[in-house]
Amino acid sequence: MHHRLAALAAAFAVLACVEAASAQTAPSPSPLATQPPRPHTAAAKHGTVIDLIPTLSSSIGGDEFSPVQPASNPFVRSDVRLSYRLTQDLAPHLSFSYFHNAAIADNTLGRVVSRAGTFLYPQSARDTLDDFGFSYGLRRGYARLGYAYEHRVCCPAANDPANLAPAAWHAVYAEGQIRTAPIGREQLTFSFTERASRAQHHVTAAYLRGLPPGFTDSERGEYGLTQTLGATANVLPRTQAFATFTWGATYFFDNAPFPYLADTFDYGLQRPISRDVTLRAEINQQTAREMGYPFPAPNALHRTKFVLSADIRLAP
């Protein structure tokens, strides 16, 4: 844990030492590069907003540093990706957004035990998420209808002809959030988000042949709920601390017998350095639920990553 705290402390020092380029009121918090898009308050003012989000992801979990050299599969300890988001105002409170998230999964997984009882050492996964939909802003929250498509870019890629069980999924969802009014001098705010998803599930023949005894799968619709508790608070002038805890149906991969459940804890700091640029440093920890597949209980995938990102807003 000490190395995670050290990473956040170093990032905090960087954020705290950056001088504000503008004395104007700080913009509303930008969404995590690792999270789906949220309604953009700037859209109502500018009509069209484009956000560029360069993101550095670094694997920092203890089990993610393999004693085997080279590690199985390409082992990526740090990588930089560029995400971007387009938000278009349509009517009062109503907007459309498209989010290309290149950092949704850009990390190394921790060590697990196979069904044969041997260790499987860290493997890197690179996924891309395309998310678009309509959001309606409420006084303290929002409602959203959207579509999400996530697919594996590397190791192996979903479009690799040699990959007979590609990792990809797509789903429609309805999402709503409520949040409290700011409390006290620190402007402490709590939020709760609920998402209901439906994924049209597809499987391949090679995947079905490889299922272990006791597991079946078929072409069908899959459903799942995801919940998120969040909190934000001002900790220094122009610096905000945040934390979210998400649990429930996280991945709906086609070649998986059921939606994968996971618990994700994300916490960090963000600081605007100008009217249109916000820096963000966070630690993101995710642990899959023990579901018996693809690894026998009590084994489940897990990973921890440090994420440093900037939200660069482009607007008329």
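Just so you know, residue 1 is the first one in the sequence shown, and it goes up from there. Please read all numbers here as calculations on a predicted model, not as lab measurements.
Under the 4.5 Å side-chain criterion, counting only non-hydrogen atoms from C-beta, His151 is not in contact with Asp127. Side-chain contact between Pro257 and Tyr207 is present, with at least one heavy-atom pair separated by less than 4.5 Å. In this structure the side chain of Thr204 reaches within 4.5 angstrom of the side chain of Asn255, judged on heavy atoms. Considering only heavy atoms from C-beta on, Asp217 stays 4.5 Å or farther from Tyr293 through its side chain. Residues His100 and Thr128 meet the side-chain proximity criterion, which asks for heavy atoms closer than 4.5 Å. The shortest distance between side-chain heavy atoms of Trp169 and Ser197 does not fall below 4.5 Å. With contacts defined as side-chain heavy-atom distances shorter than 4.5 Å, the pair Leu90/Ser95 does not qualify. Put simply, the side chain of Val235 reaches to within 4.5 Å of the side chain of Leu269, judged on heavy atoms.
Across Gly133 and Arg144, no two heavy atoms sit closer than the pair N-NH2, 3.3 Å. The two residues Glu222 and Ala256 come nearest to each other via the heavy atoms OE2-O, 4.2 Å. Here the shortest heavy-atom pairing between Ala158 and Pro166 reads O-CB, 3.3 Å. The nearest pair of heavy atoms linking Pro182 to Gln187 is CB-OE1, 3.3 Å. Counting all heavy atoms, side chain and backbone alike, Ala288 lies closest to Ala300 at O-CB, 3.2 Å.
Side chains of Asp130 and Tyr98: a donor-acceptor N/O pair is present below 3.5 angstrom, by distance only. A donor and an acceptor atom, one from each side chain of Ser58 and Ser78, are located under 3.5 Å apart. Checking Glu219 against His202 by side-chain atom types alone, a donor-acceptor pair falls below 3.5 Å. In this model, no donor atom of one side chain and acceptor atom of the other lie less than 3.5 Å apart for Tyr251 and Glu150. Looking at Thr228 and Thr246, their side chains do bring a donor and an acceptor atom within 3.5 Å of each other. Defined by atom type and a distance below 3.5 Å, a donor-acceptor pair is present between the side-chain atoms of Gln88 and Thr48. No donor-acceptor contact under 3.5 angstrom links the side chains of Arg195 and Thr226, judged on distance only.
Taking the charged nitrogens against the carboxylate oxygens, Arg85 and Asp131 have no contact shorter than 4.0 Å, which rules out a salt bridge. Note on Arg289 versus Asp263: salt bridge recorded, some NZ/NE/NH1/NH2 to OD/OE distance being below 4.0 Å. The existence of a salt bridge linking Arg81 and Asp79 is confirmed by a sub-4.0 Å separation between a basic side-chain nitrogen and an acidic carboxylate oxygen.
Arg303 places a side-chain N or O within 3.5 Å of a backbone atom of Asn284 that can act as its donor or acceptor partner. For Thr250 (side chain) and Gly248 (main-chain N/O), a donor-acceptor pair under 3.5 Å exists by modelled atom type. Counting only distance, with no hydrogens or angles, the side chain of Asn163 and the backbone of Ala157 share a donor-acceptor pair below 3.5 Å. Using a distance-only test at 3.5 Å, with no hydrogens or angles considered, a donor-acceptor pair links the side chain of Asp160 to the main chain of Ala162. Judged by distance alone, with hydrogens and angles left aside, the side-chain atoms of Glu186 form no donor-acceptor pair with the main-chain N or O of Ile183 at under 3.5 Å.
Once rounded to the nearest 0.5 Å, the distance linking OG of Ser57 with CZ of Phe306 reads 10.0 Å. Between the NE2 atom of His170 and the CZ atom of Phe252 there is a distance of 12.0 Å, given to the nearest 0.5 Å. Taken to the nearest 0.5 Å, the CD atom of Gln177 stands 12.0 Å off from the CD atom of Glu194. To the nearest 0.5 Å, atoms CD1 (Ile60) and OG1 (Thr304) are separated by 6.0 Å. Here the CG-OG1 distance, from Asn234 to Thr189, works out to 8.5 Å after rounding to the nearest 0.5 Å. Between the OG atom of Ser97 and the CG atom of Asp89 there is a distance of 12.0 Å, given to the nearest 0.5 Å.
In the hydrophobic clustering of ILVMFWY residues, with side-chain heavy atoms under 4.5 Å counting as a link, Met291 and Leu211 come out together. At a threshold of 4.5 Å between side-chain heavy atoms, the hydrophobic network of Ile, Leu, Val, Met, Phe, Trp and Tyr places Tyr149 and Val172 in one connected group. Linking ILVMFWY side-chain heavy atoms closer than 4.5 Å, directly or via other members, places Phe253 and Tyr223 in two distinct hydrophobic clusters. Linking Ile, Leu, Val, Met, Phe, Trp and Tyr residues whenever their side-chain heavy atoms come within less than 4.5 Å places Phe132 and Phe134 in a single cluster. Leu301 and Leu261 fall into different hydrophobic clusters, where Ile, Leu, Val, Met, Phe, Trp and Tyr are joined by side-chain heavy atoms under 4.5 Å apart, directly or via other members.
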### Query
Could you walk me through whether Leu82 and Thr55 pass the side-chain contact (heavy atoms from CB on, under 4.5 Å) check?
CA-CA 6 Å; Leu82 177 63; Thr55 304; over 6 Å; no
### Query
Given the rule in the ring pair (Phe, Tyr, Trp, His ring centres under 6.0 Å) test, do Phe265 and Tyr267 qualify, once you have shown the distances and angles that lead to the verdict?
CA-CA 7 Å; Phe265 183 37; Tyr267 55 96; 4.8 Å; yes
### Task
Walk me through it: do Phe258 and Phe215 pass the test side-chain contact (heavy atoms from CB on, under 4.5 Å)?
CA-CA 10 Å; Phe258 34 66; Phe215 292 92; 4.0 Å; yes
### Query
Going through the distances and angles, do Leu308 and Arg280 end up as a side-chain contact (heavy atoms from CB on, under 4.5 Å)?
CA-CA 6 Å; Leu308 186 64; Arg280 193 179 192 103; over 6 Å; no
### Message
Go through it in stages, so that I can follow the logic: the residues are Ile53 and Phe99, the test is side-chain contact (heavy atoms from CB on, under 4.5 Å), and I'd like the CA-CA distance, side-chain angles, deciding distance and then a yes or no.
### Response
CA-CA 10 Å; Ile53 311 174; Phe99 187 26; 3.9 Å; yes
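The number of heavy-atom neighbours closer than 6.0 Å to CZ of Arg220, taken from other residues, nucleotides and ligands shown, is above 12.
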